[in-house]
Structure formats: C-alpha cells, structure tokens
Novice: 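Before we start, here is the structure in question, set down as structure tokens.
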Amino acid sequence: AETVKIGLIEPLTGSVAYNGVSAVNGAKIAVAERNAKAGENGVKYELVVEDGQCQPSKTVSAAEKLIQKDQVPVIVGAFCSSATIAAMSVIEKYQVPMVSGISSKSDLTERGNKWFFRSAETDGLLAKAFAKILVDQLKLKKIAYIGVNDDWGRGGISEFSSQIEAAGGETAMKLYFDHGATDFYTLLTRVRAAKPDGVFVAAETQDGSILVKQMKEVGLESQVFGVGSWATADFVKLAGEAAEGIHAAVPYAYTIDRPENKVFVKEYQEAYNELPGKYSAAGYNALNIVMDAIERAGEATPQKIRDALPATDYKGPNGTFKFTDKGQGYGFDAVLVKLHEGAPQIVDRATVTPE
Amino acid sequence: MLEVKGLSKSFGGIHAVQDINFTVPKGQIVSLIGPNGAGKTTCFNLITGFYQPTRGQVFWDGADVTASKPYDMAQRGVIRTFQKTNVLRGLSAFENIVHAHYLRDRTPLWRTFWRAPDSRRVQAEIQESARAILDLVGLGKRQDVEAGSLSCGELRLLEVGVALGAKPRLLMLDEPAAGLNSREAEGLGGLLRTLPGKWVESLLLVEHNMHLVMQVSHHVVVMNFGKKLAAGTPAEIQANEEVLEAYMGTAA
Amino acid sequence: MTHQNESEVLLELDNVVAGYGNLVALHGISLSVRHKEVVALLGANGAGKSTTLRTISGLIKPSAGAIRWKGQGIAGSPPEAILRLGISHCPEERHVWPEMTVEENVELGGYLLNSKVELRRRKEIAFHRFPRLRERARQLAGTLSGGEQQMLAIARALMSEPQLLILDEPSLGLSPRMADEVFDVIREINAHGVSILVVEQNVHKALNVASRAYVLETGEVIAEKDSASLKNDPELLNAYLGG
Amino acid sequence: MNFERNAMAAFLVIAFLLGAFLQNEYLLHILILVLLYTILSASLNLIVGYVGEFPLGHVAFFGLGAYSVAILSSPDVGWPMLVTIPLAAVIAAVAGWFIGRITLRLNGPFFVIVTLAFAEVLRLLASNWIGLTNGPMGISGIARPAILDWWPWLHGKRGFVMMGVVLTAFTLFVTWRVVRSSAGRAAVTLRENNYVAQSVGINPLRYSMFVFVVAAFLAGVSGAYYATYISFVGPEVFAFPFTATMIIIVLLGGKGSLVGPILGAVIVTLLEEYLREFKEVRLSLFGLIVMAVVLFAPDGVMGYVRRRFPIFYKRASHA
Amino acid sequence: MFDLFLQFVLNGLVNGTFYALSALGLTLIFGLMRLVNFAHGEFYMMGGILGWVVTSQLGLDFFSGLVVVVAVMAAFGWLLDRFIIVRVRDKGPEPGILLTIGLAIFLTNTALLLVGTAPHKVVAPVSNAPLLLGPVIITKVRIFAVAVSILAIVGARLLIQKTKLGRAMRATFQDATAASLVGINTASIYASTFALGSALAATSGMLLGSIYVAQASIGGLISLKAFVVVILGGMGNFAGAILGGLILGVAEALWGGYVQTGTVDMVGFALVILILFFRPYGLFSIRAERA
Ligand SMILES: Nc1ncnc2c1ncn2[C@@H]1O[C@H](COP(=O)(O)OP(=O)(O)OP(=O)(O)O)[C@@H](O)[C@H]1O
Ligand SMILES: Nc1ncnc2c1ncn2[C@@H]1O[C@H](COP(=O)(O)OP(=O)(O)OP(=O)(O)O)[C@@H](O)[C@H]1O
Ligand SMILES: [Mg+2]
Ligand SMILES: [Mg+2]
C-alpha cells in the first residue's frame, strides 16, 4: 500500500518540551488509528517528527529538512507562535501546506499565507467566548492578571483583559513572570495586597501548578481562573489540593462528553497510561484534519492537500472543525471547566465562531 | 636618567619601602641589594608602575613619571624583568622575543587592515634582532622549544632576552642570575657589562649573587627593612661593616 | 628507628629514564644516597637535575629503570606514598600556596601528622629557624618577597621531619647571609641523622656541605666524586659548573 | 601560516561552487548555516583564541546585530540591506566598545560571568521592551533583501548562500589580518602573560578592547545575516543555545586557529543535521560526542592537526 | 504598606537562602576548584528527579530518600571526576567548559528521555501549611528548608575553613604540586570535592524540588542563578555565597515588589555588572597575586 509521510514539528527539548511531547503523543494516536483502519490497500501514514525546540532557527531547519529531505507533502506544527511564523515563510516558499493545532497568536492567519491553517482557537476567540460568562458566573469585579512572559501569555492576557473589561470587569494589575520561574511569593504578595476578586492566570502546567500551590500558601483566597493546560491529570496531581475550585477556559478537557472523545481518551490511556490534555488533543486533531484532507485530495501532493484543506469538516473529540477562508479553524467547542475533586468538571461550553 | 626621591610604600602595617633615594645615571650599572624582604622588588614595582607609591616620586629624564602605567614606563624605555619568572609560556623561545619587540612592531590600529608598505622589512628586522638576542643570551639552540618546557635557569635567560627585545633604555633586572650556576652567572655578568652603551643606556640590577654584583656594578645601593642602609662603589660597600653584618654573611 | 649502618644505601636510582610527554629528559640516571649522607647534584641549566628530583619524589613517573628506597622498589608510587616513606622534596620555584597564610603553609607541611602537639612543636622549630616567618605568620604567602617564600618552602619541607630531604636550589633568591643560614640548617638536620640530596647552583656552598656529588649533563651522570676530589678537579668544575 | 590562508581560501571557493551548483534547497540551507556559524564562531574565536578570555555573552552582539536589522528594515524604517547590515555591525561594535570598557578590566571567571550577564540583560530587555522589540512575540517578516532579486541567478536560497560567502570572506579576511598584525601579536602577548605584555609596553586595555570590538562587529554581521535569512527575530537570539553552539564550534574546531571555526562550523552543523536520524536520543548523543571530542582532542581538531602534522602549521613568526 | 515591605523582604531572604543553597555545590566546584561547571544545574536537577524517584516512586520518606540521593550523587560525582574530569585537569579552562557543556546537554536530554518532560513531585519533609508570623506569611516547609540551607552552608564553610580536609582542598586547588609534596592525595581531593559539590547540588535540588517541583529541564536556569551568586559573593567564599544569595534574593523581591515582576531575572545580572564594576573580584575575595 501507499505510504504518505507527514511532517510534525514540535518542541521535544527545551522549556516547553513537556507540552510538545503531549502533542506528538496525540498525533501518534491519530496515525495509529488510521493505519489500523487502512487494512490492506488503504493509505498508510508515517509520521516524521522533528524537534523545533520552539526556536525559529531550529524550526526553519526542521521544516527545510522535512520538505527537502523527507519530501513530506504536508507539515503539522510548530508549537510556539514565533517558531510557527518562522516556518510559515518556509512553507510558503516551497508551497507546502502546514496545519498548526496549537500556536494561538491571533494574527497568524491574518498574514495572507494561503498555505497555513490553524485548527485551534486563538486567544481572542477564547476570550470572546468566555469572558462574559466568567465575569457573570463568578461575580468578579476586580481582576488581577498573571501571565508567563512570552507571546502566548502576553497574548492571552491582553485578549482576556480587554474582553473582560468590556464585560464590566476592572483590571487591578497585570504581572508577568519568566518561564521556569519557581518562586512566586513576591508576585503573589503584590496580588494579595491588591485584594482582587479574581485572578486570571495564563500559564502552562508546570508554572501554573506551582503558582496555584503558592497562592494557597500565601493565603490568597480570590477566585482563580485562566487559560492553559490545566484540565489535565498532571496539573491536578502537581497542584494537589490547591487545584480545587479553579476555573479554566480550555479547548479541550478529557471529561468532554462526546463519543469521539471517549474513544480518544481510551486509546490515549492505553498507549501512554495517562489522560490526554489540551495539547494531546491538539496533536490528534491536527493530524486527523490533515489525513482527512489527504484522503479527500486523493493524491498526496502539497497542492492537492492544500486545495482539500478548506473543505475540512472533521468531527473530533471536542467538536467539529472547519476552516475560514483565511485558514482559521472554527466550529469546535471550547469549554469552561472547574477543577473539582481532581477532575475537570465542565461548567459551560461555547462553540468557537469566526470573528 | 632615572631618579627616585623619597619613595615609600606600605602594605597595611608593613612598611616595605621607606624613603628611598637613588639615581641611575646614563651608561652606568647600578645595583640594588639587601636582605630578603628588604623591599627591592617592591622598588621595582613602584618604579615601573605596577604599584602606586604611598609617597615619593620617580623621575625619568627629568620628568615626573610617578605612578605611570607599566606600559607607559615601557614605552618610555624602562623595561623590567620579574623575580618570579614571567614569560609567554605557550610560545617558543624565539616567538617570546619576537613578541617582545612590540614597540618596534607597533602600528596604528587601522593599519591592521591595511598593511604598511614597509611591514615586511620591519618584520624581517625584528626576526633578525630576535635571533641575535637569542644568541646573545645563549639560547640560540633552544629557539624552537616552547617556553613552558624550558628549565628554570633557561627561563631566567629567556626573560633577559625578552626584556632586551623591547629595546630598553633602562633595563631593570630582578635577580637574573637566580638559578644559574657560578659559571653561567659569570657568563651573564660578562654579558651585562657589555650591555650599557651597546644595547641599553643603563642598567638597574637586583641580585643576591655578590660576585656578580661586585663584578659589574658602578654603584651599589643597599636596602634593609625598606630603608636605604648604604650606597657607594662596590669597594665601599664591601668594606661597610653594617652591610656585611646585615647582608653578606661569609660570601663577601 | 632500627639501627642503621652508616654506609647503608637509603635511596638508589638505577638507570632511570624519565621525561615530559614525548621529551626524554633523563637518559638512564643512576645514583645513590646513603644513610646520613649529604649528596649534591650538579650540572648546567637544563641538565635534568630538577627532573631527577621530581622523579624520586613521584611527581614524574619514570618510564624505565628502578628507584629503590631501603631496597624496596618505589618507582611509580604517588608522591604522598613516597613522603610517607620519609622522603620530603622542597621543589624548585617555591610553590607556596599563595592564598593561605604563612602559618597555614607551614602547618600543611605536617599534613601527615596526627598529633596536634607534635605539629605545634615542629611549627615552633620552623619559626625558630626562620624568625621572619613568625613575624609574617598571618600574611598571605603570595605577598611575601621571593626570599621569604623560599624560606617558607624550606620550612614547610622540614615539617615532615623526613629521613631524606631533597632540596632543589634551596639558596635560590636568598641573600648571601640567609643562604649561609640555610646551609647551617642543612648541616644541623644532617647532624640529626637526616640524609640530604641537594641541587645547588652555588657549587662551593654545595661542596662545602656535601660529602659526594654527581655531575649531570643532558640527562646523564657524567661524573660521581667525593667533594674533596671534585673541588680539586678544576677541569670538571670549569667545564660544567664554573669556578 | 600559509596553510591557514590557503585553507580559508579553499573553503570559500568550495562554498561558492556548492552554492552555484547545488540544487537541493535543504543542502543549501545547511550550507547557509555553516557560513553563518563560521562568521559567528570566527568572531568568538578572536576573543577566546587571541585575547585568551572566555566571553559567555558573545551572543549579545549576535542578537544586537539581528535586532538592528529587524528593526531598521521593518516597514516603519525600511532601510535597504546594504545599509542595515553594516549599520547593525556598527551598532554591535559600539555595544562591544561599551561592554568591553566594563568587562575587560576583569579576567578569568569574572569576565566569563559578567559578559554572560550583559547578554542576559539584553535578552530580558528584548522580551520586555515591547515598544521597540515587540517583546517575546518577536519581529517577523523581515524582508528579503532587494539586492538578491536584481539578478535572477540569485533566486531562492542561492542569493543567501552568495551573501553568506561574501560576508564570510570579509570575516575571514578581517580575522586573518587581525591575527597577522601587530595588534594581534600584542593580543597574544597579553593572552600569554599580562605582566610580560605590560612590561614590554603593551597597553592591555587597548588591544583587548580592539579585538573585542572587532569581534563584536563580526558577531553583529552574523546576527544581521541570521535575521535576514530566517526573517524572524525574537529574544531567543540572546539565549544560551546560540552561545553553547558557538562555544562548541570554536573549541571543537580548535581555538586560536583561523581554520578551527570553519572546521568546527562544518562539523557541528552537519552533525546536528545528521543526528536528526536518531530522534529522541539525538541530543544525548550530541552531548556525548562533545564530551568524547574533549577527551580525545582537548585542544580541538586543529590542535590535533597541529600536534600530529606540524608541517602544516608553521609558527606565525617564522613566516 | 510596611507589612508589604516586610513580606517582600522575608520572601527575598527565604529565596536568597535557597539561592545560596543551590549555589553551594558550585561554590566548591567553580569557586574553589576553578572548574567552570556548566553541569551544576543538571546535578541539581538530578537531585530533584532522584528525589522524586525515591520518594514518590519507591515510597521512601524524605529523609531516607535524601540519604540515598546524596550517596548516589556523591558516587556519581566521584566517578565523573576520577574518570573524566581528570583528563582535562591541567589543560586550561576551555576543555573543562566544553566538557561540562557536553555533560549538561547529555544529562538534561537523557533525563528527558528517561523520566519525560513532565514536572514531578518530591514528597515534602514537612507540611506546607501557611504560618502567620505577625503580619507576614511563611510556610513550615520553607522554614525547614531555610534551616537546612543554613546548616548546609555553615557546615560547608566550617569544613573548608576549619578542617584538615578543607585545608587540603584549598592547598590542592592553589598549587597541586606542592600539595602532593606534603602528602596530600590530590587525586582523591579533587574527586571528593567534586563528589561533595555534586551531592550538595543534589541535596538542594531535592529539598527545593519538594517545595517547587522537580523537572528534567530546570538545569540551565539553576546554573545561571548559581553563577551569579558565586560571582557576587566572591569565588570560593562561603560567607560570600550566603551574602550573594541573600542580596540577590532581596533585590529581586524588592524589584519584583515595587517595580516590575517580568524583569526580576534582570536584577541579578545588573547587580553582577554593578558590583564587579566597583569591586572587580566580587564582594568578598582575597587576592595574593603580586608582580
Ligand atoms: N602585597 C603585599 N602585601 C603585604 N606585604 C607585602 C606585599 N608585597 C610585599 N610585601 C612585603 O614587603 C616586603 C618587601 O618585599 P620585596 O618583595 O620588595 O622584598 P625584596 O627586597 O625583593 O626581597 P627578596 O630579596 O626576598 O626578593 C616583604 O617583607 C614582603 O613580605
Ligand atoms: N614541564 C616541562 N615540560 C617539558 N619539558 C621540561 C619541563 N621541565 C623541564 N623540561 C625539560 O627537561 C630538561 C631538564 O630540565 P630540568 O628542569 O630537570 O633541568 P635542571 O637541571 O633542573 O635545570 P635548571 O638548573 O635550569 O633548573 C630540560 O631540557 C627542560 O627543557
Ligand atoms: Mg625580590
Ligand atoms: Mg632545576
């Protein structure tokens, strides 16, 4: 049978490797699923994974290598928006389509690069969907924002704060910390002194879990909510009791009640002995979208795949994915979860719609 | 040429040098001697600007050069060697001396990228001079040996060579004969005597080898506990009871 | 200590070959030091004197030949093992620890001692021998003058009260008077039964304390004579050592 | 010494020919990386090999060069490459002068860490001075230099290769001249023994400073080249991975030799790409290989060559 | 307002102690042995990861776990020195730098392979319930950790300054030839120092891992801070290391508290630049070099 190679660029080393690896794990599940179904004469897929280290230069190298050496007709990746931007010029030059399931910087799809697709929510879309609900449900007036000092953290905070302000919330302060910081006492002392009703946090598992733990330690009792891969088992394990009652706006939680998700969670658990998180689902979805497109295209050439991508209509664990003309995904769900007794409970659900 | 006036230096409570005066006239070899810890090396460091004097002045050709930078003194023609051997260990003996010709070699920085028309000639000249100096100090056969693997005594000779490479007007040697045997020291003495007038204008010598000192010096200054104890011709010094008592032991 | 015969050979080098990396500096050196004897090692610059001493004390491993201490082969043993046997080496170029005080330097000379009392006694002797060091007990050794450092190095080497003391140019950098004193010390400890192997550039001083001398040239022993006859061998003296 | 000059010339000719005839863009990409790293590590080598100090913050100048190009060629300013690249290098050199004034008074470990401190401060500035640098989001879409489109032959990557060959030639010429000049000899004297240097009349600061500034200038050139080629610049241009790469290249190639950085750049770039085959274990392997090289050739490949084949390597002063 | 200030200062002091502790191993290996050890942070990381393995995976309590980790890491450091570092010992600083960079790359990525990228939890020795001390808040486990840090630092200082072993170490690093001539087994001193340095790094990794998390990729960051601390305090000076750590901790806390949290990391580097500008050899250092 024919074997189609798909390139995947994620950070496998460096500061966000943890999340990058989750994405690769999810992607592998998707490919395994398809290959199992393919039978004797169906198309087989082969995943070629490259480490982009979340660095533009390494990501460009990886993209060059995938396209030139491995001759992949399509790429999934990269993780950090800055790395994705760098790769975007490479794929445009070679005219190879690329789907990112993760990079959240709003303007990626606004750059007129017709080879680029994003099967993920942007910070802006997520903020639009949940800001009002959050303010109303949690009865928040004064909000402090804490975010990791990178493109994603800053992006998330600026989108959410403006949406929340529009919904009547007041901004007490915006504080940033560097990725990998371990001690947040000073920052939290400042937040505590401002006596906010709620604290919005944009942080990934490792920083986030330490942060919420220390919130309890310094006696900060405000409501905590935010964005990041919080609806995961790891997060709960690391944060311990401190995780109780936290709200998070996420595109995916393993508790989402959909048949597609049940299958995904089961397979993922079997394969890795852990529950999937936001990035696992992102990797899984992006691969499925790409493989759907390949099958629709009938022929695995970059041009054909590119042409097939806009017609995407993929039912994933967290809803149906479609693309706008600009390649921005929509139609899928994002959920607001509350961590309770160690599991993310779904509080609300919104469908991501194009702006 | 060199005049030292009231030079003093203390380290914490230790008065290493106190109120030292002497001159080194042109064409002469002056020796600075004294017991261990008398302050001779410290004097060297004060004159060449490695230390700042606590008090006192240094004059060179009549100009006050107190506390000038070491390289500044070198550029004025005052070149010294060190008591604790200092050479360019990673380079060969020959390269050591070539590199010592810095002042001859020196060009404006922009010349780095645009070679001067006479640069080849200058280089050839330096190489030739380096070879001559190596032969002079008796390391001709060892020219390609890395300085780091020379024996102690050879290093002392190389140091003298390096100092000569810088074309000093006043050459200041700190115990050049330490580590040389009597015969070699004698050889060095012979060499030192020929230097003034030919290679250098004058010479200031610190040395414990009395034989050498008495053989070459025109004038001897004796220090003890940081102070000047006596000064005079070698003959006068050898006859000075105080000096004999403090310094000479049975050697004189 | 067992009673030892005056003529018993303490240290013996038999055809020792050693060097640095690819460079062979000693081409088969043979020499011996007997009990209670002072032996001088003479030779021109770069003859291999220091290398010989370093080989004995274990700083350099010989590539061939044997070194025997009281009949036991010790070639290739590490320096601390050799020191334990009773051989102490005061190296060329002083090698004091610059960022330790004079007192610490001296005390470390008795590193192998376990008794504090004994250590104090020996330190007292050292300071008695070199009063300048007592004055400067708290000064950092690196700031001492050259000669003071030399005294310190000798004092340190004496701290282990060895049976064989190896001195590499002990008078280097010392004033004539101080050098005399150091040679007096050498005589004194020799009188206490310590054998001494000394490299010294000042041939007269060396031959005044030594009973025998070896003359080295380019890594080979070219002569072995007792001091009296060497003093009367102007040819040899002139050729290699200077009058 | 002629060996070094010939080797450098040969490298440039080979790079040019490969650029002219290779069709595979991936290989051209690798070639560009080799050229980029050659420039960068040749500049570092000037300091490590000829001043004898170890700047951990050399990446500061690389980053400054990259950001300068990014900002100066952005639509707001919009200067052409022929202006921005030299200007970027000058900016890096000015920073080198400033940083050198402070750091070159120090030596050994203090120098190592203070230079690192400067690089880190710049990195943090780059992530926080959003108005100028766009913070962690970085500056993207740096335009392809118009000059590369004047001649169709220079389409695609070939243009960048040729640009790299020119810049590398310039860099190698500069380093070669520095090393062979009176200033270079003074720097070596300083490296070997500061006391001796001063006592033969060398003003230590003047020459370490000169070499430092030249090195900063060249690092700026490499940063500018990087920014132009990758077309994106973010705070990571000041980060440790670049530092690690250039250190490895310089020491692996052999410090204090002009050919060292070239060899190092070729080896490291090819090795990094080759090791992609090994997937997850590739960086572990890379670490092991680096360690192995140190153990077997502690003074780098050129150090090894120098020891084994001294004929190739006649000492400078004999030439 | 004043309460806030107190809290900042306390945060800074606690953090500063932790900085001093995590730099302790480096003070030995870099400050004393003069080996620019880029793998220091990786030793710290190994302490944390091993701590996780022995407490969370093997179920030991913190203290028995610590004993195991210290033993393993000391042995690791010892072997590393005896078989690898020796070979670059007298070859100048660069081979050491390159070697430890290679080692750091290897250790980080091998750890990533073995235990993955996820953060891991080290079981804490005491509870992390908050404690109110007047107006300021601290947790029990932090007090405990501060106590351990102070003990470790004081212990290390006494070891180096007062014991025979410490003297032998200093002698070896200042002049190894002389050291071996007075009977010091220099090879074993080097190895023990390296072992001790690794064990100290691992101890701090495990202790702090129980307060924060243990993670395979933390090394680089730890190394950076530790270098800053060692340089601030003066090379190889333990009192200096404490002070360097405290200064860094308090300065960061005040900067973060009153100026900007996003740039706290800059504080340490700015301090290093400033202090070395005025005192080129660190705050506390002795120098005995003379011309
Ligand atoms: N940096 C310093 N700190 C403290 N004391 C110092 C310092 N430098 C020199 N000394 C002291 O000053 C005195 C003079 O030292 P100096 O080196 O000038 O003596 P010297 O005459 O050259 O002796 P030698 O003949 O032994 O070389 C010595 O006692 C020495 O210990
Ligand atoms: N560290 C070293 N590395 C390489 N070669 C060395 C080293 N030390 C000495 N040599 C070489 O070994 C030979 C013997 O040197 P050694 O130091 O034993 O001479 P020496 O007789 O003590 O001379 P001196 O009287 O000058 O001290 C010399 O040729 C010297 O160049
Ligand atoms: Mg002196
Ligand atoms: Mg010798």
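Quick note on labels: first sequence line is chain A, next is B, and so on, each numbered from 1.
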Novice: What distance do D/Gln23 atom CD and A/Gln68 atom CD have between them, rounded to the nearest 0.5 Å?
Specialist: 10.5 Å
Novice: Check whether D/Leu28 gets within reach of chain A through its side chain, its backbone, both or neither, counting any heavy atom under 4.5 Å.
Specialist: neither
Novice: Would you mind checking which part of D/Leu124 comes under 4.5 Å of any heavy atom in chain A, side chain (CB onward), backbone (N, CA, C, O), both or neither?
Specialist: side chain
Novice: If you take all heavy atoms of D/Glu25 and A/Glu64, which pair is closest and at what distance?
Specialist: O-OE1, 4.0 Å
Novice: Below 4.5 Å from any heavy atom of chain D, which atoms of A/Lys93 appear? Answer side chain, backbone, both or neither.
Specialist: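 The side chain, not the backbone.
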Novice: Is the shortest side-chain heavy-atom distance between D/His29 and A/Val90 below 4.5 Å?
Specialist: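 No, too far: nothing below the 4.5 Å cut-off.
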Novice: Where is the tightest heavy-atom contact between D/Ile230 and A/Pro56, given as atom of each residue plus distance?
Specialist: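 Distance-wise, the nearest heavy atoms are CG2-CB, 4.3 Å.
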Novice: What part of A/Ser61 gets closer than 4.5 Å to chain D, counting heavy atoms only: side chain, backbone, both or neither?
Specialist: both
Novice: If I measure from the heavy atoms of chain A, does D/Ile130 come under 4.5 Å with its side chain, its backbone, both, or neither?
Specialist: side chain
Novice: Examine whether an atom of D/Glu236 lies under 4.5 Å from a heavy atom of chain A, and if so say whether it belongs to the side chain, the backbone or both; otherwise answer neither.
Specialist: side chain
Novice: Please classify the contact of A/Leu12 with chain D as side chain, backbone, both or neither, using a heavy-atom distance under 4.5 Å.
Specialist: neither
Novice: Heavy-atom pairs under 4.5 Å with chain A: which of D/Asn128, D/Leu27, D/Leu33 has the most?
Specialist: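 Heavy-atom pairs under 4.5 Å are most numerous for D/Asn128.
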Novice: D/Pro241 versus chain A, heavy atoms under 4.5 Å apart: side chain, backbone, both or neither?
Specialist: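 It is the side chain, since no backbone atom gets that close.
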Novice: Given a strict heavy-atom distance threshold of 4.5 Å, which part of A/Ser81 is in contact with chain D: side chain, backbone, both, or neither?
Specialist: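 No part of A/Ser81 comes within 4.5 Å of chain D.
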Novice: For A/Lys326, does the NZ atom have more than 12 heavy-atom neighbours from other residues, nucleotides or ligands under 6.0 Å away?
Specialist: no
Novice: Given the options A/Gln55, A/Met88, A/Arg111, A/Arg154, which has more heavy-atom pairs under 4.5 Å with chain D than any of the others?
Specialist: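 Counting heavy-atom pairs under 4.5 Å, the top option is A/Arg154.
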Novice: Could you tell me which portion of A/Ala62 (side chain, backbone, both or neither) has an atom closer than 4.5 angstrom to a non-hydrogen atom of chain D?
Specialist: both
Novice: Go through the atoms of A/Tyr94 and report whether side chain, backbone, both or neither lie under 4.5 Å from a heavy atom of chain D.
Specialist: side chain
Novice: Looking at every heavy atom in both D/Glu272 and A/Lys58, which two are closest together, and how far apart are they?
Specialist: OE1-NZ, 3.6 Å
